[in-house]
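Notes follow once the structure below has been shown.
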Amino acid sequence: MEKVFALVDCNNFYASCEKMFRPDLADTAVVVLSNNDGCVVARSKEAKALGIKMGVPYFQIRELVEKHGVVAFSSNYALYADMSSRVMTTLEQLAPSIEVYSIDEAFVDLTGVDSCLGLSEFGQQIRTTISDWIGIKVCVGIAPSKTLAKLANHAAKKWSKAEGVVDLTDRVRQRKLMALLPVSEVWGIGSRITKRLNEMHIYTALDLADAPTKHIRSQFSVVVERTVSELNGDSCLRLEEVADKKKEIISSRSFSERITQLSQMQEAISEYVHRACEKLRSQKSNAMQLTVFLRTSPFSDRQTEPYYANSASGELIYPSNDTRDFLHLANQLLSKIWKEGYRYAKSGVMLTDFYDEGIRQQQLFADELGSRCNPALMAVVDQINQQHSRNAIYFAAKGTRQNWSMKRDLLSPAYTTCWSAIPKV
DNA sequence: TCTGGGGTCCTAGGACCC
DNA sequence: TCTGGGGTCCTAGGACCC
């Protein structure tokens, strides 16, 4: 049977979440900022109409914000994650199988649906249900491959005439739409590849769909080759219903103010280790390898302020998910790359080389003393932090004041969850 | 002054082995 | 004197995504 996918994508998701609890802002331009209130990461339709671009640094639009009374929010991920899970749960009730692709979008398998109900009607049903139950507006794109469903969704958002649903199962409609869209709008085609495609006189999505596969393969990786097949309605990407366990876990942040002292950096790195290990345990993995990295600001003037960035990796004797094992290693690694005299802007840690809990390779010369691994203790720590506040219990290494922590001056309240942010002290 | 964070996949090239 | 070549594993880096 011919495959049919739908892509359901929330409109202006973060901005919509903020607006939902502030009816007074219904017609106001709203933007949501990245961590440290650095860049714009979401815009309401009114903010888009003012010409505010995605990813623009907040300080560059200050004037515009004041002039038009734009309301800005620090990102409140606890709120967005909670709203997201409500949307996804609703979607699961409406469709046989879904793949949660990101916090605000999901693929749905609609294969066979058109025999009982028109695809467009089904799309409309999804829209109204999610809007009525959750209060979030979504758009739906329907097509025989994921890449085309993405394009259909793009069209549903762009053209109000579509009323939020575009059915692109028809080949003629596919070609008509692709001819109108620049190749850069295709899923998987980023700025670098767009530039090279343009040099090959490939400008629209249709140009790419019609490009000879052999030629594309000789210039790019198999990823681009697959994209061409997908644009031609040949589905190469399956619906991935169960999320795979992560293969690496990163915890990193930019600092609200530059860090110059090793003791502060040790605290920050310890905090990242703490968070990364929490994530590691939540997916029931153990890790062998830890990387610590740090850097000064890449945006400052190199003449007055030299740039320095470095990283160091190390391994445990065997896999663990005990925070203390990694705290110990992190400190050793940090001392390898720490250099006095720089103003550090960002640092972080990365866990890699994962093993499932309970699977442990026997090492000939390693004894139990090499690791502090204590699953029972860590389970208790996680449980207390989940039930009470996020930082009820922690290891003293990460510091109690955290005067380097991030700036979130414009944070909305915890409308739906018991905690929303680490309070800045 | 102020510029996010967290992931995945693919490829090229080096190391190593037989 | 003659100094191969193929396979595999690992890693760093590039490119993409939201």
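Chain naming here is simple, since letters A, B, ... match the order of the sequence lines and numbering starts at 1 in each.
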Would you say [N] has OP1 or OP2 under 4.0 Å from some side-chain N or O of [X]?
| X | N | result |
| --- | --- | --- |
| A/K150 | C/dC17 | no |
| A/K245 | B/dT8 | no |
| A/R253 | B/dG6 | yes |
| A/K279 | B/dG5 | no |
| A/S34 | B/dT3 | no |

Residues touching DNA chain C, which here means a heavy atom under 4.0 Å, drawn from residues 181-213 of chain A: A/V186, A/W187, A/G188, A/I189, A/G190, A/S191, A/R192, A/I193

With a cut-off of 3.5 Å and sequence neighbours excluded, list every side-chain donor-acceptor pair involving residues 205-216 of chain A.
{"residue": "A/D207", "atom": "OD1", "partner": "A/T204", "partner atom": "OG1", "Å": "3.4"}
{"residue": "A/D207", "atom": "OD2", "partner": "A/Y203", "partner atom": "N", "Å": "2.9"}
{"residue": "A/D207", "atom": "OD2", "partner": "A/T204", "partner atom": "N", "Å": "3.0"}
{"residue": "A/D207", "atom": "OD2", "partner": "A/T204", "partner atom": "OG1", "Å": "3.4"}
{"residue": "A/D210", "atom": "OD1", "partner": "A/R175", "partner atom": "NH1", "Å": "3.1"}
{"residue": "A/D210", "atom": "OD2", "partner": "A/R175", "partner atom": "NH2", "Å": "2.9"}

Sub-4.0 Å heavy-atom contacts from residues 48-70 of chain A onto DNA chain B, ordered by number: A/P57, A/F59

Which part of the nucleic acid, if any, lies within contact of [X], taking any heavy atom under 4.0 Å across all strands shown: a base, the sugar-phosphate backbone alone, or nothing?
| X | result |
| --- | --- |
| A/D104 | sugar-phosphate |
| A/I249 | sugar-phosphate |
| A/S75 | nothing |
| A/R343 | nothing |

All pairs passing side chain to side chain donor-acceptor pair (under 3.5 Å) where residues 41-53 of chain A contributes a residue, at least two apart: A/N12-A/K48, A/K19-A/E46, A/S44-A/E46

Stems involving DNA chain C, each a run of at least 3 consecutive Watson-Crick or G-U pairs under 3.5 Å: B:5-18 with C:5-18

A/K247: side chain to side chain contact (heavy atoms under 4.5 Å, CB included) partners, not counting sequence neighbours: none

With sequence neighbours excluded, residues passing side chain to side chain contact (heavy atoms under 4.5 Å, CB included) with A/A72: A/V31, A/L33, A/Y58, A/L410

Is there a donor-acceptor contact under 3.5 Å linking the side chains of [X] and [Y]?
| X | Y | result |
| --- | --- | --- |
| A/S313 | A/T291 | yes |
| A/Y80 | A/E18 | yes |
| A/D322 | A/S320 | no |

Ring-ring centroid check A/Y307 A/Y342, cutoff 6.0 Å: no

Spacing between [X] atom [atom1] and [N] atom [atom2], to the nearest angstrom:
| X | N | atom1 | atom2 | answer |
| --- | --- | --- | --- | --- |
| A/D244 | B/dT8 | CG | P | 9 Å |
| A/E99 | C/dC18 | CD | P | 13 Å |
| A/E248 | B/dG5 | CD | P | 16 Å |
| A/Y14 | B/dG5 | OH | C1' | 10 Å |
| A/L410 | B/dG4 | CG | P | 16 Å |
| A/H154 | C/dC17 | NE2 | P | 13 Å |
| A/F107 | C/dC17 | CZ | P | 12 Å |
| A/F255 | B/dG4 | CZ | P | 13 Å |

Given DNA chain B, 5'-ward residue of the pair A/R226 and A/S252, judged by closest heavy atom: A/S252

Nearest to the side chain of [X] - [options]?
| X | options | result |
| --- | --- | --- |
| A/V41 | B/dC2, B/dG4, B/dG6 | B/dG4 |
| A/Y101 | C/dC18, B/dC10, B/dG4 | C/dC18 |
| A/K247 | B/dG7, B/dC9, C/dC17 | B/dC9 |

Enclosure of A/E163 CD (heavy-atom neighbours >12, cutoff 6.0 Å): no

A/E63, CD: over 12 other non-hydrogen atoms inside 6.0 angstrom: no

Nearest-0.5 Å distance that lies between atom CD1 in A/I249 and atom CZ in A/R275: 13.5 Å

Would you tabulate the side-chain donor-acceptor contacts of residues 180-194 of chain A under 3.5 Å, counting partners in other chains and residues two or more places apart, or write 'none'?
{"residue": "A/W187", "atom": "NE1", "partner": "A/Y101", "partner atom": "OH", "Å": "3.4"}
{"residue": "A/T194", "atom": "OG1", "partner": "A/G190", "partner atom": "O", "Å": "2.7"}

Qualifying residues under side-chain hydrogen bond (donor to acceptor under 3.5 Å, both in side chains), relative to A/N35, sequence neighbours excluded: none

Separation of the P atoms in B/dT3 and C/dC18, to the nearest angstrom: 25 Å

Geometric cation-pi criterion A/K245 and A/F354, 6.0 Å radius, 45° cone: no

Of all pairs that satisfy salt bridge (Lys or Arg N to Asp or Glu O under 4.0 Å), the ones with a partner from residues 216-242 of chain A, not counting sequence neighbours: A/R217-A/E225, A/R238-A/E240

Partner set under ring-ring contact (aromatic ring centres under 6.0 Å, His included) for A/F299, not counting sequence neighbours: none

Could I get a table of every N or O pair under 3.5 Å where one atom is in the protein and the other is in nucleotides 11-13 of chain C?
none

